[in-house]
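Values below: all heavy atoms of this structure, side chains included; hydrogens, waters and symmetry mates excluded.
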Amino acid sequence: MAKTGDRVRFLNSTGGGLITRIEGKTAYVEDEDGFETPILLKDIVVVMPAGHESAVKGSSIMFDQKAYDQGKITEQESKEANPANKETKREASEGQLRENEGYEETRHGDIPTILLAFEPTDIKRLSETRFTGVLVNDSNYFIDFVFLRRSAGDRGWEIVYRGEVAPNELIDLAVISHEDFPEYGRVAFQGIFYKKEKAFPLLPPLSIVKRIDLTKFHKLHCFKPSKYFDGAVLEIPLISGGEQIKDAELDKESLEGSLQGSKPDRDLKSSLTQGKEGISRKRAGGNHISPHKLLPLIEVDLHIGELTDSLAGLEAKDMLTMQLEEVRRTMSSHSKRIGQKIVFIHGKGEGVLRKAVLELLKKEYPKAELQDASFREYGFGATLVTVH
């Protein structure tokens, strides 16, 4: 019998954690992110009993085989009693298998689209705001790369960022102020493509020099909506549809300078010529030190007082519409950030708003994972959504 302090896993879905308390036939399980999930005791299996520690100092038992075997027996009995559980468990296992295989590839990701983007901190104050330089890797390839800027002192180059970007990720390269602009009039990007633990077609190395029109950072119309970002950005394509994009105005002297006196390489242009269709992205936010920073939790308070300054003239149905539109707006803004966790705070009340929010999410975002948010922080008044 499970008890408080046991580490458990769920029988009919992926996940698990530590039992923080038990009320009647329901256990409250806290995962590694601190979110508490209520679940029936019959739907969990103990994998490490409370106080079960290794005799070796500094280590702990991560798995209890006896408990796991007992759980498998219970799980098999549950499957035989309810055939629907078999299908649910199989789907969960297949999802876990795909996760263990590593990065999921997209249908068109073997034809890379790579670009630089500059995202303003405050687009309404272009004359004084800072800009985040971002690398977008819309492909199925890892890229070992280096991002450079032209040295002001001589005709050489300086490294701004060097690292690896995973498939279908965005990485923040640098934060640029208006004082830094003169150093970014000419930038270069070099990289090699590869896949891990599988065979892949060999792609030509990427080596591109770009001249940036710095006046565009002061012009609002130069910042346009992008499928990779929540707001408008200034995009500079490096590879589009598998083909390297070079500056048309790049003259011979500039090219020779970028190669530091070497003979120009006439074969820099990629042989890839196929097209590409839009696909979903995830964002690995970060800075120039840690490009793989975890996505921060987003909280959205749906109480009507947080969404409008005046309730004059609003009926109940109008307020509900406004609250659901806020849910749609938030989900639309973050639907491409795989793994993003969003907490919608709807309150307990009579459950009308909670029911409407769940119905909307299940209908319009069926792939999103839904569960009650941490009881410790939100009571019964919030829903946690994980974007998939």
Side-chain angles (χ1 to χ4, degrees), residues 9-17 29-39 43 84-109 113 136-142 165-171 196 226-230 277-286 291-300 302 324 326-346 354-374 378 382-388:
R9 70 176 182 86
F10 302 151
L11 281 175
N12 296 320
S13 64
T14 58
V29 181
E30 183 178 285
D31 64 18
E32 59 182 9
D33 295 322
F35 291 98
E36 205 171 51
T37 303
I39 189 167
D43 291 332
N85 285 345
K86 182 176 182 179
E87 185 68 20
T88 302
K89 187 63 181 178
R90 191 189 75 214
E91 292 175 357
S93 299
E94 290 176 350
Q96 186 66 35
L97 179 60
R98 287 194 297 270
E99 179 180 342
N100 292 337
E101 287 176 349
Y103 293 87
E104 184 175 352
E105 295 191 347
T106 61
R107 290 182 303 166
H108 311 291
T113 292
V136 178
N137 176 21
D138 189 348
S139 79
N140 292 335
Y141 292 88
F142 288 85
V165 59
N168 305 321
E169 281 190 346
L170 287 75
I171 284 187
K196 295 183 178 180
S226 169
K227 66 180 180 179
Y228 305 108
F229 297 87
D230 297 335
E277 297 178 16
I279 52 178
S280 298
R281 296 291 125 238
K282 68 176 179 179
R283 177 164 188 170
H292 301 293
K293 181 176 63 179
L294 294 177
L295 293 169
L297 175 71
I298 295 174
E299 289 185 353
V300 180
L302 296 177
L324 295 181
E326 181 66 15
V327 174
R328 285 193 180 93
R329 186 195 65 78
T330 303
M331 291 299 297
S332 176
S333 297
H334 301 89
S335 61
K336 297 172 184 174
R337 296 187 174 186
I338 307 303
Q340 176 70 65
K341 292 181 181 293
I342 305 172
V343 172
F344 289 107
I345 304 173
H346 44 65
R354 178 180 183 274
K355 180 180 178 181
V357 169
L358 291 177
E359 289 178 350
L360 183 152
L361 292 171
K362 290 177 181 178
K363 179 180 179 180
E364 300 185 13
Y365 296 91
K367 293 184 179 180
E369 179 182 344
L370 309 179
Q371 66 183 77
D372 291 332
S374 172
Y378 307 100
T383 295
L384 171 65
V385 180
T386 304
V387 177
H388 290 301

Side-chain donor or acceptor of Asn137 paired with backbone N/O of Phe142 under 3.5 Å: no

Distance in Å, Glu299 CD paired with Leu384 CG, rounded so as to fall on 0.5 Å steps: 10.5 Å

Inter-residue atom distance Phe344.CZ - Leu360.CG, 0.5 Å rounding: 8.5 Å

Over all atoms of both residues, closest heavy-atom pair of His388 and Lys367: CB-O, 3.3 Å

Check: Pro167 main-chain N/O paired with Asn140 side-chain donor or acceptor under 3.5 Å: no

Shortest non-hydrogen separation from Val343 to Ala373 and the atoms involved: CG1-CB, 4.1 Å

Candidate pair Phe35 and Thr386, rule side chain to side chain contact (heavy atoms under 4.5 Å, CB included), full reasoning: CA-CA 12 Å; Phe35 291 98; Thr386 304; over 6 Å; no

Distance in Å, Tyr365 OH paired with Ile342 CD1, rounded so as to fall on 0.5 Å steps: 9.0 Å

Salt bridge (charged side-chain N to carboxylate O under 4.0 Å, His left out) against Lys196, all qualifying residues, sequence neighbours excluded: Glu164

Glu36 side, atom CD; Gln371 side, atom CD - distance, nearest 0.5 Å: 11.0 Å

Residue that, paired with Leu302, satisfies side chain to side chain contact (heavy atoms under 4.5 Å, CB included) out of Thr330, Thr383, Val327: Val327

Gap separating the CD atom of Glu364 from the OG atom of Ser335, nearest 0.5 angstrom: 11.5 Å

Stepwise side chain to side chain contact (heavy atoms under 4.5 Å, CB included) test for His334 and Val385: CA-CA 11 Å; His334 301 89; Val385 180; over 6 Å; no

Heavy-atom closest pair, residues Ile345 and Ala382: CA-CB, 4.1 Å

Asp372 versus Arg354, closest heavy-atom pair with distance: OD1-NH2, 3.2 Å

Distance-minimising heavy-atom pair for Ser374 and Gly34: OG-O, 3.6 Å

Test salt bridge (charged side-chain N to carboxylate O under 4.0 Å, His left out) applied to Asp31 - qualifying residues, sequence neighbours left out: none

Pairwise distance CZ(Arg329) to CG(Asp230) - rounded to 0.5 angstrom: 9.0 Å

